[in-house]
Participant: 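Below are the structure tokens for one structure; questions will follow.
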Amino acid sequence: VLCRLSELEPHGSRKFHFHDGLHGYDIFLQRWGERVYAYRDSCPHLKLPLDYRRGHFLDHRRRHLMCAHHGALFRIDDGYCTYGPCKGRWLTPIRIALRGDEIVAD
């Protein structure tokens, strides 16, 4: 279990250190209404974390995920980069499932 849906605000996010049995890396959850998306916290351009403050991933308009290092913008629902040096590339999705109020790594 990563966390509970009720622990995330409707447009809130949360960062975790995740270990898949072989490797450890940071991931983040981004809630968008009643949906939750999960991605590896690594920009496809320079492999740097996206958040400008720990656990903050949305641009100032709160419409896109944004890399704080160079301003690349990513769609929330699929991680596709629409603007910036990695335009046309994708964030790495993390499979999650919602079981009741619990968000679990799938």
Participant: Output the distance between atom CZ (Phe74) and atom OH (Tyr39), rounded to the nearest 0.5 Å.
Facilitator: 10.5 Å
Participant: Hey, what's the ring geometry for His56 with Tyr52, parallel, tilted or perpendicular (30° and 60° as the breaks)?
Facilitator: tilted
Participant: Give a yes or no on whether Ile94 and Trp32 share a hydrophobic cluster (residues Ile, Leu, Val, Met, Phe, Trp, Tyr; joining criterion: side-chain heavy atoms under 4.5 Å apart).
Facilitator: no
Participant: Given side chains that start at C-beta, do those of His70 and Cys43 come closer than 4.5 Å, heavy atoms only?
Facilitator: yes
Participant: Could you state whether Leu5 and Phe16 fall into the same hydrophobic cluster, counting links through intermediate Ile, Leu, Val, Met, Phe, Trp or Tyr residues with side-chain heavy atoms under 4.5 angstrom apart?
Facilitator: yes
Participant: Kindly indicate whether the side chain of Val104, heavy atoms from C-beta on, has any atom under 4.5 Å from the side chain of Val1.
Facilitator: yes
Participant: Could you state the interatomic distance from NE2 (His45) to CZ (Arg89), rounded to the nearest 0.5 Å?
Facilitator: 8.0 Å
Participant: Could you go through the salt bridge (charged side-chain N to carboxylate O under 4.0 Å, His left out) check for Arg54 and Asp51 one step at a time?
Facilitator: CA-CA 6 Å; Arg54 184 162 176 83; Asp51 50 345; 5.2 Å; no
Participant: Are Leu58 and Ser13 close enough that some pair of their side-chain heavy atoms sits under 4.5 Å apart?
Facilitator: no
Participant: Would one find more than 12 heavy atoms of other residues, nucleotides or ligands at under 6.0 Å from atom NE2 of His19?
Facilitator: yes
Participant: Measuring from Ile76:CD1 to Arg31:CZ, what's the distance to the nearest 0.5 Å?
Facilitator: 13.0 Å
Participant: Is there a donor-acceptor contact under 3.5 Å from the side chain of Gln30 to the main chain of Gly12?
Facilitator: yes
Participant: Under 4.5 Å between any side-chain heavy atoms of His69 and Pro49, yes or no?
Facilitator: yes
Participant: How far apart are the C-alpha atoms of Ile27 and Asp41, what are their side-chain angles, what is the distance that settles it, and do they pass the side chain to side chain contact (heavy atoms under 4.5 Å, CB included) test?
Facilitator: CA-CA 5 Å; Ile27 67 170; Asp41 186 16; 6.0 Å; no
Participant: Leu98 and Tyr37: same hydrophobic cluster, using ILVMFWY side-chain contacts below 4.5 Å?
Facilitator: no
Participant: Do you know the tightest heavy-atom contact between Ala97 and Asp106?
Facilitator: N-CB, 4.3 Å
Participant: Could you tell me the separation between the NZ atom of Lys15 and the CG atom of Leu2, rounded to the nearest 0.5 Å?
Facilitator: 14.5 Å
Participant: Is Tyr83 reachable from Phe57 through a run of hydrophobic residues whose side-chain heavy atoms are each under 4.5 Å from the next?
Facilitator: no
Participant: Any chain of hydrophobic side-chain contacts (each under 4.5 Å) joining Leu29 to Leu65?
Facilitator: no
Participant: On the six-membered ring of Phe28, is Arg14 placed so that its NZ or CZ lies under 6.0 angstrom from the centre and within 45° of the ring axis?
Facilitator: no
Participant: Check the pair Asp26, Arg40 against salt bridge (charged side-chain N to carboxylate O under 4.0 Å, His left out), reporting the backbone distance first and the verdict last.
Facilitator: CA-CA 6 Å; Asp26 288 334; Arg40 191 169 181 168; over 6 Å; no
Participant: Mind checking whether Thr92 and Trp90 have side chains closer than 4.5 Å, heavy atoms only?
Facilitator: no
Participant: Taking atom NE2 of His60 and atom CZ of Arg63, what is their separation to the nearest 0.5 Å?
Facilitator: 8.5 Å
Participant: Can you tell me how far apart CG (Leu91) and SG (Cys81) are? Round to the nearest 0.5 Å.
Facilitator: 8.0 Å
